[in-house]
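A short write-up of the structure that comes next.
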Amino acid sequence: MQWTSWCLLEPELSLNAETLAEILNGGQTFRWNQTKDGDWVGQWSQCIARVRLDRRGIVEWSCPRKLKKQVASEIPHYFALDINYPAMIDQLPHRSDDVIADALVRWEGLRLLRQPLGETLLAFLCSSTKRITQIKIICETLANKFGEVVIDQYRALPTWAVLNELSESALRTCKMGYRARFIKGTANILAEQPNYLSGIETLSFPEARRALIALPGVGEKIADCVLLFGAGRLEAFPVDVWMLRAMARHYGLEGWKPNQVTHFGSAHFGPYAGLAQQYLFAGERKG
DNA sequence: ATCCAGGTATGCA
DNA sequence: TGCATACCTGGA
């Protein structure tokens, strides 16, 4: 396959290799893999792209020639280059909170990708009690078995319409176990209510969260992940076991329940709590 | 080998 | 409302 030459992402994104790995392979997306030269290759919707750092630590990208037009127009949105990160980061309580202040330095340049809502929902429905590597394998298997070819061996994740045509046992061949029932149930609802997902974008945060939780297999944690990673709702503060550990350690919240921690997070970090969550999460995984 | 994982739904106090 | 327990199974 023919790839375009490398170009800089604009406006420029400056970060170190560890932070780039955290963005692409830290658990917000499951569709990026590192090649032997250290480049990253990833997919979202009908896009395929490569990403790497230049000598100065600035992110550059390339894509299959045939997709140049589409990827060029979508990649700025995907990497949220139109979002004013310095302004958002400045609204986090870094002046009074050394934990977040340190994390902002340690993971400078960390950001939330803006992923397609349907794909984000699918990936996180597969995520319960699974490690990142396993979630990636499930997504890859789903794409390989049931996804549409984009180019050559690259296949997109199956659409919800396609998923709705599959049997639970067909889904189980993708190594997802009991999660197949949830995907089947959700696919059924989305097929009967074609505007369900797009409608979520128009709802207030609490309403959107409730609408997601109404889907089988979606609880509070997955709903918050879908809102944060797939709907640009930066006030979402997903709390999983990692975040429970991080918040217990840094803020003395030993023994708190997940929804108590969610409440603490939004009260303490404010409208961009999800961004703070991402910084703390990176630190908890990597120390 | 065998154990457990980035949760959710369900049933029972 | 709150807390156990089952649910699948691949990969560490």
Side-chain angles (χ1 to χ4, degrees), chain A residues 21-34 103 107 110 112-113 115 119-145 163 166-190 208-230 233 236-250 253-265 273-287:
Chain A
E22 190 62 27
I23 293 170
L24 299 177
N25 205 30
Q28 52 171 323
T29 174
F30 305 98
R31 294 286 279 158
W32 288 83
N33 291 295
Q34 204 161 20
W107 299 99
L110 189 69
L112 278 337
L113 300 170
Q115 302 175 66
E119 295 189 352
T120 311
L121 175 61
L122 175 59
F124 280 92
L125 272 171
C126 299
S127 73
S128 66
T129 59
K130 287 282 181 196
R131 296 179 180 153
I132 290 171
T133 52
Q134 295 175 299
I135 303 166
K136 288 173 73 172
I137 289 170
I138 296 171
C139 289
E140 188 176 359
T141 310
L142 272 169
N144 287 340
K145 290 197 175 204
L163 292 167
L166 299 174
S167 65
E168 183 179 325
S169 60
L171 288 167
R172 278 178 187 256
T173 64
C174 298
K175 312 179 182 187
M176 66 176 70
Y178 64 84
R179 299 158 196 83
R181 187 165 43 87
F182 296 146
I183 291 185
K184 193 71 190 121
T186 289
N188 185 40
I189 292 175
L190 298 186
R209 194 171 190 259
R210 268 194 295 277
L212 284 168
I213 290 173
L215 298 169
V218 180
E220 298 185 318
K221 188 270 180 183
I222 290 180
D224 286 335
C225 286
V226 172
L227 288 168
L228 183 59
F229 305 132
R233 303 297 183 99
F237 193 84
V239 173
D240 53 29
V241 296
W242 293 92
M243 200 47 41
L244 235 32
R245 288 195 277 261
M247 298 300 282
R249 190 146 63 84
H250 295 304
L253 308 188
E254 280 87 6
W256 286 43
K257 302 292 172 279
N259 59 7
Q260 297 176 306
V261 174
T262 296
H263 186 79
F264 178 96
L275 184 56
Q277 182 269 0
Q278 207 62 15
Y279 276 90
L280 299 174
F281 185 81
E284 190 62 24
R285 290 179 63 245
K286 295 289 184 127

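Below, chain A is the first sequence line, B the second, and so on; all start at residue 1.
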* Asked: Which distance, rounded to the nearest 0.5 Å, do you find between the CE of Met243(A) and the CZ of Arg285(A)?
  -> 10.5 Å
* Mapping Ile213(A) and Asp240(A) onto DNA chain B by nearest heavy atom, which one lands closer to the 5' end? -> Asp240(A)
* Measure distances between side-chain N and O atoms of Arg181(A) and base N and O atoms of dC7(C), and say whether any donor-acceptor pair falls under 3.5 Å. => no
* **Nearest-angstrom distance from the residue atom CG of Leu212(A) to C1' of dG7(B)** => 15 Å
* What is the distance, rounded to the nearest whole Å, between atom CG of Leu244(A) and atom P of dG7(B)? -> 10 Å
* Between C1' of dC3(B) and CD of Gln134(A), the distance in whole Å -> 12 Å
* Asked: Within a strict 4.5 Å, meaning less than it, do heavy atoms of the Leu171(A) and Leu142(A) side chains meet?
  -> yes
* Protein-nucleotide distance (Asn259(A), atom CG; dT1(C), atom P), rounded to Å -> 11 Å
* Asked: Is there a Watson-Crick or G-U wobble partner for dA13(B) with both distances under 3.5 Å, and if so, which one is it?
  -> dT1(C)
* Decide yes or no for Ser128(A) and Arg179(A): does some side-chain heavy atom of the first lie under 4.5 Å from some side-chain heavy atom of the second? => yes
* Tell which nucleotide pairs with dG6(B), taking only Watson-Crick or G-U wobble pairs whose two distances are both under 3.5 angstrom. => none
* Asked: Expressed in angstrom and rounded to an integer, what is the separation of Phe182(A) atom CZ from dT10(B) atom C1'?
  -> 10 Å
* Any Leu121(A) side-chain heavy atom under 4.5 Å of Leu190(A) side chain -> yes
* Counting any heavy atom closer than 4.0 Å, what does Phe124(A) reach on the DNA or RNA strands: base, sugar-phosphate only, or nothing? -> nothing
* Structure fact -> Arg172(A) CZ to dC7(C) C1', in whole Å, measures 9 Å
* What is the nucleic acid contact for Gly185(A), judged by heavy atoms within less than 4.0 Å: base, sugar-phosphate only, or nothing? -> nothing
* **Pairwise P distance, dT8(B) and dG10(C) [rounded to whole Å]** => 22 Å
* Under 4.5 Å between any side-chain heavy atoms of Trp256(A) and His263(A), yes or no? -> no
* Rounded C1' spacing from dC4(B) to dT5(C) in Å -> 16 Å
* Say whether, by atom type as modelled, one donor and one acceptor occur between the side chain of Thr186(A) and the main chain of Pro216(A) under 3.5 angstrom. => yes
* Asked: Rounding to a whole Å, what distance do you find between Tyr178(A):OH and dT9(C):C1'?
  -> 10 Å
* **Shortest side-chain distance from Thr129(A), nucleotide among dG7(B), dG10(C), dG6(B)** => dG7(B)
* **Spacing between Lys130(A) atom NZ and dA5(B) atom C1', to the nearest angstrom** => 8 Å
* Just call it for Leu171(A): base, sugar-phosphate, or nothing, with non-hydrogen atoms closer than 4.0 Å on any strand. => nothing
* Gly27(A) near the nucleic acid: base, sugar-phosphate alone, or nothing, with a heavy-atom cut-off under 4.0 Å? -> base
* With heavy atoms under 4.0 Å as the rule, sort Ile137(A) into base, sugar-phosphate or nothing. => sugar-phosphate
* **Distance between P atoms of dC8(C) and dT2(B) (Å, rounded)** => 23 Å
